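Worksheet: one structure, shown below.
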Amino acid sequence: MDTARVAASPSVAGNLPAPGAKAYSVLFASTFAFLVCFVVWMMFGVLGIQLREDLGLNSTEFGLLTATPVLTGAVMRLPLGIWTDRFGGRRVMTVLLVACAIPVYIVSYATQLWQFLIIGLFLGCVGASFAVGTPYVARFFPPAKRGFAMGFFGAGTVGAAVNLFITPSLEAAYGWRAVPRIYAVVLLVTAVIFWLASAPDPGAGKQGGSILASFKVLRNARVWRLCQYYSITFGGFTALSLWIPQYLKAEYGMTVVMAAAVAAGFSLPGSVLRAVGGVLADKFGAHAVTWWCLWVAWICLFLLSYPKTDFVIYTIQGPQTFHISVSVVGFVMLAFALGAVFAFGMASTFKYVADEFPENMGVVTGIVGLAGGLGGFLLPILFGALLDILKIRSSCFMLMYGVVWVSLIVIYLAEVRRARVM
């Protein structure tokens, strides 16, 4: 079908009676597909706890195991974003779902760390589905509603929380090897549902020139600043979603099922509230939402990073001993707030993309998504390395605290000091 003709007459695409109905059908189908992809992408965060014991992994090796799928999901976002601009989100997403079912199924036969790492590189492609769906759904909505649309689609990261509920139950009932086999079938079923419920991409094929020409946008310094913002909001969300279950198990002595359920206090708001972040970005602007969300994250991470401490103060009446620690209730409250502001920050970052790069949303989404995915890949490895070196479990939050501080400095120098006071 001629893409120019589809773009000129939106009601032709998908043969739906009203453009509004078509747009929301695409939005719901894409969000569901992204949710399923995110469940699969995050499954090593739960399965890795048992694999760590079976394979005798140290903290660094555990971080590498959980982060390997994130690496491929990051790297593949850029080419998939370009292909989405050229071939359309409907085709690219369907092919991605079907192709990734194969390595997901093969995971069930792995027995050694190197095998999990190699297979993890291939199954990690499901994480790149974000770079397909974001520009795809945005093209069905007017500019004033794109923040909401992309935020709603981004709420598919609730798959991280779904993973924390479903994967431990499946593992307990059928053993860990059954989990990837079940998820492989789910990916195939999702591909069929998505194809039937979605519509042809009205923006496919509009971008002319060679693929190399798409990368000219990299000359724009603003793209790199957006990469910085997203590397901490999405990268931090992904890394902590993978890391927190084993942190809770070690720090508070929880079972795997209980640790996964408590960890959902971070993952769930970090996913569901992303649509709210999109609405806030539409109303108040991407800059304001990003700026204040990073400040709240900075405060939460400072409190979470403080390790269990006993200290003695010598008073005139003798020594007084004090104990400082974050209780389980306190952890859940801080993690909820942190997940919420990360969700708002993720949505506001892509509001920037829609507003400033409407003609290159696919490639810019891929570049910014790549930066976020690389953050999600590197951070768990750094968490493990710091834990092995410092022997302090909260060192993961210490690292995140420092990274957020750098992001605040960047956004201040780039935007805040140049903005009008009122």
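Predicted, not measured: the structure shown is a model, and the values here were computed from it.
Using cut-offs of 30° and 60° on the angle between ring planes, the pair F38 and F234 is perpendicular. Between Y230 and F130, the ring planes are parallel. Angles under 30° get that label, and only those over 60° would be called perpendicular. Taking the six-membered ring for Trp and thresholds of 30 and 60 degrees, W295 and W298 have ring planes more than 60 degrees apart, a perpendicular arrangement.
Judged purely by atom type and a 3.5 angstrom limit, S348 uses its side chain to pair as donor or acceptor with the backbone of F344. Without hydrogens or angle criteria, R90 side chain to W195 main chain gives a donor-acceptor distance under 3.5 Å. Looking at Q115, its side chain does come within 3.5 Å of a backbone N or O of T111 through a donor-acceptor pair. Judged by distance alone, the side chain of Q50 and the main-chain N or O of L47 form no donor-acceptor pair under 3.5 Å. In this structure, the side chain of D282 engages the main chain of F148 through a donor-acceptor pair within 3.5 Å. Remark: side-chain polar atoms of S30 are not paired, donor with acceptor, to backbone N or O of L27 under 3.5 angstrom. Side chain of S108 to main chain of P180: no donor-acceptor pair is present (N/O by atom type, distance under 3.5 Å, no hydrogens or angles). Of the possible donor and acceptor atoms, none in the side chain of T134 sits under 3.5 Å from a partner among the backbone N and O of A131. Without hydrogens or angle criteria, R77 side chain to A128 main chain gives no donor-acceptor distance under 3.5 Å. In this structure, the side chain of S394 engages the main chain of S305 through a donor-acceptor pair within 3.5 Å.
Aromatic ring centroids of F152 and F141 lie 6.0 Å or more apart. With ring centers used as reference points, F140 lies 6.0 Å or more from Y24.
Here the CG atom belonging to L117 is positioned 4.0 Å from the CG atom belonging to L113, to the nearest 0.5 angstrom. For the atom pair T31 OG1 and F194 CZ, the distance stands at 10.0 Å (nearest 0.5 Å). Atom CH2 of W41 sits about 11.0 Å away from atom CG of L123, to the nearest 0.5 Å. Atom-to-atom distance recorded for S169:OG and Y174:OH is 10.0 Å, nearest 0.5 angstrom. Taking CH2 from W114 and CD1 from I119, the interatomic distance works out to 8.0 Å, rounded to the nearest 0.5 Å. For the atom pair CG (L334) and CZ (F397), the distance works out to 9.0 Å, reported to the nearest 0.5 Å.
In the displayed structure, Y252 atom OH is contacted under 6.0 Å by more than 12 heavy atoms of other residues, nucleotides or ligands. Counting heavy atoms of neighbouring residues, nucleotides and ligands inside a 6.0 Å radius, atom CE of M398 exceeds 12 of them. Residue M258 places its CE atom among 12 or fewer non-hydrogen atoms of other residues, nucleotides or ligands, all under 6.0 Å distant.
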*Step by step, would you call R139 with D85 a salt bridge (charged side-chain N to carboxylate O under 4.0 Å, His left out)?*
CA-CA 10 Å; R139 285 193 274 261; D85 280 344; 3.0 Å; yes
*CA sep, side-chain torsions, deciding dist, call: L408, W291, side-chain contact (heavy atoms from CB on, under 4.5 Å)*: CA-CA 7 Å; L408 283 168; W291 172 246; 4.0 Å; yes
*Can you list the steps and then say if Q228 with V406 is a side-chain contact (heavy atoms from CB on, under 4.5 Å)?*
CA-CA 9 Å; Q228 165 66 19; V406 171; 4.2 Å; yes
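Judged by distance alone, the side chains of Y183 and T167 do bring a donor and an acceptor atom under 3.5 Å apart.
Contact detail for P380 and L242: the closest heavy-atom pair is CG-CD1, 4.3 Å.
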